[in-house]
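Below is one structure, written out as C-alpha cells; the observations come after it.
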Amino acid sequence: MKIAVATKNVGKLDEFKELAKDTSYEFINIPESIEELPPETGTSFFENALIKAKFISDYLGIPAIGDDSGLEVDALDGAPGIYSARYSESGLDKDNCIKLLEKLDGVKEGLRSARFQCCLVGYFKGNIIKSYGSLEGKISYEFKGKYGFGYDPVFITKNGLHLAEMDKDKKNKISHRSEAFKYILKDLSKLLN
Ligand code: ITT
C-alpha cells in the first residue's frame, strides 16, 4: 500500500524514510507541485496533523499521514508548542533556537526541562487513525551537533547528548516521531476498511 507523507519538512521526511525501511508500506513524498500545505488553524497537534493528512489524501486519492510536532518548554508554560515552526519572525530553525535560548536567558539548569511531542494522523476517505510520541529532555545553553533539524541542536536528551549529536539511526531509536510511528504502523491497515 502506498501512503503519502504529508509534510514539506525535509528533516521529518528523512526520518520517516528511515523508519519506513523495515515496513511493508511504500511511503511516498508529496509532489513538488504542492508548494504549501494548508494553514495550520487547529488548536492541537492532532487537529493540525489531520488538516495536513486530509488535504494530501484528498488531493492524491491515496492514504496520507500528517505529522504535527513541536517542543514544550516547562519554564515557558509549554511554549512554543503547536507554534514551534513559527516561533521566530523568520521561522528558520536557527532563529527559532536563538529566540528560545534568549527566552530562557538566566533560567537555571534544573528549570530547563522540555519535551518534544509528535502526533501522527492517518487519513483516507473519512477514516482517521492517530498516535502520539514524546521525548523528555532539557534545553541547553548553547548549540551543539550537526545532525537533525529544528530544535535538535539545543535539546539535551537523558543520555547527556544534544539531539543534533545523534545521527538519524540513533535519534530514531529514542525520538517522539519514532514512538508515534511505531504505534500508527499497527493501525495503518484500518485506513482501508
Ligand atoms: P510540515 O507542516 O510541512 O510537516 P513543519 O516544519 O511546519 O512542517 P510542524 O508545523 O509540525 O511542521 O512544526 C514542527 C516544528 O517543531 C518544526 O519546524 C521543528 O522546528 C520542531 N520539531 C518537530 N520535530 C522536531 C524534531 O524531531 N527535532 C527538532 N525539532 C523538531
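Residues take their numbers from the sequence shown, with the count starting at 1. What you see below is based on every heavy atom in this structure, not just the backbone, and it leaves out hydrogens, waters and symmetry mates. Both ligands and their constituent atoms are indexed starting at 1 by order of listing.
The protein heavy atom nearest to atom 8 (O) of ligand 1 is Asn9 CB, 3.4 Å. Closest to atom 19 (C) of ligand 1 among all protein heavy atoms lies Gly150 CA, 4.0 Å. Annotation: atom 30 (N) of ligand 1 to nearest protein heavy atom, Tyr151 N, 3.1 Å. Of the protein's non-hydrogen atoms, the one nearest atom 2 (O) of ligand 1 is Lys52 NZ, 2.7 Å. Atom 24 (N) of ligand 1 has as its closest protein heavy atom Arg177 NH2, 2.9 Å. Here the heavy atom of the protein found nearest to atom 12 (O) of ligand 1 is Lys12 NZ, 2.8 Å.
In this structure, a donor-acceptor pair under 3.5 Å is absent between the side chains of Thr7 and Asp67. Side-chain atoms of Asn172 and Ser178 include no donor-acceptor pair closer than 3.5 Å.
No continuous path of hydrophobic side-chain contacts links Ile184 to Ile128 [ILVMFWY only; heavy atoms under 4.5 Å]. At a threshold of 4.5 Å between side-chain heavy atoms, the hydrophobic network of Ile, Leu, Val, Met, Phe, Trp and Tyr places Val5 and Phe46 in two separate groups. Linking Ile, Leu, Val, Met, Phe, Trp and Tyr residues whenever their side-chain heavy atoms come within less than 4.5 Å leaves Tyr123 and Ile65 in two separate clusters. Leu50 and Phe45 are members of different hydrophobic clusters when ILVMFWY side chains are connected at heavy-atom separations under 4.5 Å.
The existence of a salt bridge linking Lys54 and Asp58 is confirmed by a sub-4.0 Å separation between a basic side-chain nitrogen and an acidic carboxylate oxygen. Using a 4.0 Å cut-off between a side-chain N of Lys or Arg and a carboxylate O of Asp or Glu, Asp74 and Arg115 qualify as a salt bridge.
In this structure Asp187 satisfies the salt bridge (Lys or Arg N to Asp or Glu O under 4.0 Å) test together with Lys190, sequence neighbours excluded.
The heavy atom nearest to atom 14 (C) of ligand 1, out of those in Cys119, Ala6, Ser84, Ser69, is found in Ser69. Taking each of Lys8, Lys171, Glu40 in turn, the one with a heavy atom nearest to atom 3 (O) of ligand 1 proves to be Lys8. Checking Cys118, Cys97, Ala85 against atom 13 (O) of ligand 1, the nearest heavy atom belongs to Ala85.
In this structure, Asp152 counts as a contact residue of ligand 1, since one of its heavy atoms falls inside 4.0 Å of the ligand. The shortest heavy-atom distance from Arg86 to ligand 1 is not under 4.0 Å. At a 4.0 Å cut-off, not a single heavy atom of Gly148 sits close enough to ligand 1 to count as contact.
Residues Lys8 and Glu32 approach most closely at NZ-O, 4.3 Å, considering heavy atoms.
Taking a cut-off of under 4.0 Å to the non-hydrogen atoms of Leu37, the atoms of ligand 1 that pass are 3 (O). Atoms of ligand 1 found under 4.0 Å from any heavy atom of Gly70 (numbered from 1 in listed order, with element): 16 (O). Atoms of ligand 1 found under 4.0 Å from any heavy atom of Asp67, numbered from 1 in the order shown, are 4 (O), 11 (O). For ligand 1, the atoms closer than 4.0 angstrom to any heavy atom of Asp68 are 9 (P), 10 (O), 11 (O). Heavy-atom proximity to His176, at under 4.0 Å, picks out these atoms of ligand 1: 24 (N), 25 (C), 26 (C), 27 (O).
Through direct or relayed side-chain contacts under 4.5 Å between Ile, Leu, Val, Met, Phe, Trp and Tyr, Leu135 connects to Leu71, Val73, Leu76, Tyr87, Ile98, Leu100, Leu101, Leu104, Val107, Leu111, Phe116, Ile139, Phe143, Tyr151, Val154, Phe155, Leu161, Leu163, Met166, Ile174.
The proximity of Phe149 to ligand 1, defined as any non-hydrogen pair under 4.0 Å, involves the side chain as well as the backbone.
Aromatic rings from Phe16 and Phe181 are positioned such that their centres are separated by under 6.0 Å.
Any N or O atom pair closer than 3.5 Å counts here, and Thr7 shares at least one such pair with ligand 1.
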